[in-house]
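Report on one structure; see the data block that follows.
Just so you know, these numbers use all the heavy atoms, side chains as well, and skip hydrogens, waters and symmetry mates. Start at 1 with the first residue, then count along the sequence.
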Amino acid sequence: SSAASDVYKRQILGMKKKHIILYTAAAICTALCTSCSDYLDKMPDNRATVDTEEKITSLLVSAYPNSHYALIAEMSSDNTDKNGLSSYTAINKLQEQAALWEDITEKEMDSPYDLWNDCYKAIASANLALQAIEEMGTPSSLLPQKGEALMCRAYAHWVLTNIFCLNYNSQSSTTDLGIPYMTESESAVSPHYSRGTVAEDYQRMADDIEEALPLMNDEHLSVPKYHFNRKAAYAFAARFYLFYVQKDKSNYDKVIQYAGEVLGNTPAEVLRDWATIGAKESNNSVRAKAYADVKDRANLLLYSTFSVWARTYGPYKTGSRYTHNVTIASSESCADTPWGNREEFYFRIPSYPAIPKVIMAKMAEYMELTDMTNGIGYLHVMYPALTTDEILLTRAEAYAMKGEYDKALADLNIWGKAFYESTSDVTVEDINTFYGTPVYDSKGKLISGMEYYTSKVATPKKRLHPDFTVAAGTQENFIHAILHARRILLLHEGKRWFDIKRYGIEIYRRTVLGSQITITDELKTDDPRRAIQLPQSVINAGMEPNPRN
């Protein structure tokens, strides 16, 4: 509502976030976030002493970003249209710049500036913990903490790389600009950092992940799902190797192996209980809180972020100029699948007649009040970073890329039965019939198959341009089915943007006014805007910016 926008302004605008950590990472933030001039008179290494197991465990609480990428990535993806009525407005300039694929200049919550800073602060915490563990002689009692720190470091770098760089590509990533991969706790003001390459970043992430996995143990964690617990670590590893495609496709074996550690022998028993959530009252907040509940068996890793995303995508007039609207939902993201249609979701996605939004309630807003009298405080969103449902579809994709279609189909059917009110299995023939080459009768009516998406006729099936081979026919049809399932499942989480980048999918920016759709921009496979521009303060400090046409 419009009242929500007023509350937003009263509570949020002009407020600074608080980061409660055991040390101040001044040196790393100087080099990576802003000019060093503000820090020349400060001690470059003013950390508290971290010399006990308890302090190291506490320090790792701050090894998770206080920001998420959902707003940046979701606005950049094909889950967003511009709604043409003049009464619809953006929540802020940040949302508009992201949706229009412009270089983002804003520094508020959910911005590239915040994401960059918060990821490197998390990395600094992880590095300090690793340094302290090494200085204590790496006792066996601290190996689980070492594993957690390594996973945190890999994850934060993964976020940075996949937002601020082009997608990993076995051919071009040896020269594509990466991000600085930080492996040490700095003690000098403004050291020079090179961006390196995407290939170098991925290799270092792989090294951290492989070193961490054997060390993972949940015994030191009071609330495991707020940390990289063992299953979350293997889930992230499975996702990582799905993105890290090797020429011989050997990465898919690791995806399958690591996903198996998460899903076990009975995956259906660890997926989200969509029927229970769907039975709850349709109130957006109720369902969103249930989705991000730490007790939900599907949630593997949750972390708290400062964010207005719940208001931006949620059932408010706020942010209604750029949204996931009925036009997208009906023809693409929530269109029929072989398992069911939108009316058969256990977790049905409502649309709102007064505002152009179609919403899956996922991230509820909660407030940290600093002034109860005036209702002033910090807005938070609990971000669902890793879930079992995503990992099941991750493994299905790996099986499909290996040509093991029966196994891919088994995973897809498990997911389909959980998510839809579906009781029957889909077959390989059903996948081919649904997503394959279109067949028409003598009167021009579509009998089977699906046309590729065009700017004039929208469908869920978009042409794929990855740097790896996807064979025409059954393999491609399976990938379309999986990408469609992922798009539905991961709505509002920003992860569709990564699938667009991985598969080189070309997308449009459209303005929708009633039944009229106008194409205003196109993001081609080789468009450099697929790498979000670095914060301007980082560029001003001397770091090489992402190229632009």
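- Counting non-hydrogen atoms of other residues, nucleotides and ligands closer than 6.0 Å to NZ of Lys247 gives a total of 12 or fewer.
- Note: His492 and His324 have perpendicular aromatic rings, judged against thresholds of 30 and 60 degrees for the angle between ring planes.
- Side chain to side chain, Asp527 and Trp101 fail the donor-acceptor criterion of an N or O pair below 3.5 Å.
- Two rings, from Tyr244 and Tyr202, have their centers less than 6.0 Å apart.
- The local environment of CD in Glu134 is sparse, with at most 12 non-hydrogen atoms from other residues, nucleotides or ligands closer than 6.0 Å.
- Among residues two or more places apart in sequence or in another chain, the side-chain contact (heavy atoms from CB on, under 4.5 Å) test is passed with Ala398 by Tyr252, Val255, Ile256.
- Side-chain N/O atoms of Gln257 and Glu261 include no donor and acceptor closer than 3.5 Å.
- Ser185 and Asn127 share no side-chain donor-acceptor pair at under 3.5 Å.
- A donor-acceptor contact closer than 3.5 angstrom is absent between the side chains of His465 and Glu506.
- Side-chain atoms of Tyr120 come within 3.5 Å of backbone atoms of Pro180 as a donor-acceptor pair (strictly under, hydrogens ignored).
- Side-chain atoms of Arg487 and Asn79 include a donor-acceptor pair closer than 3.5 Å.
- The distance between the ring centers of Phe240 and Tyr155 does not fall below 6.0 angstrom.
- The residues Glu211 and Arg153 are annotated as not salt-bridged, no charged nitrogen and carboxylate oxygen being separated by less than 4.0 angstrom.
- Using a 30° and 60° split on the angle between ring planes, Tyr313 and Trp309 fall in the tilted class, from 30° to 60°.
- A tilted orientation is assigned to the rings of Phe236 and Phe228, their planes being inclined by 30° to 60°.
- Using a 30° and 60° split on the angle between ring planes, Tyr64 and Tyr303 fall in the tilted class, from 30° to 60°.
- When His220, Gln145, His227 are each tested for a side-chain hydrogen bond (donor to acceptor under 3.5 Å, both in side chains) with Thr57, only one passes: Gln145.
- Note on ring orientation: taking the six-membered ring where Trp is involved, the planes of Tyr378 and Phe306 are perpendicular (angle over 60°, cut-offs 30° and 60°).
- The one candidate from Trp497, Phe498, Phe468 that meets the ring-ring contact (aromatic ring centres under 6.0 Å, His included) condition with Tyr503 is Phe468.
- Classified by interplanar angle (parallel below 30°, tilted 30° to 60°, perpendicular above 60°), the ring pair His157/Tyr181 is parallel.
- Proximity of Tyr366 to Met382: side-chain heavy atoms (C-beta onward) are separated by under 4.5 Å at one or more points.
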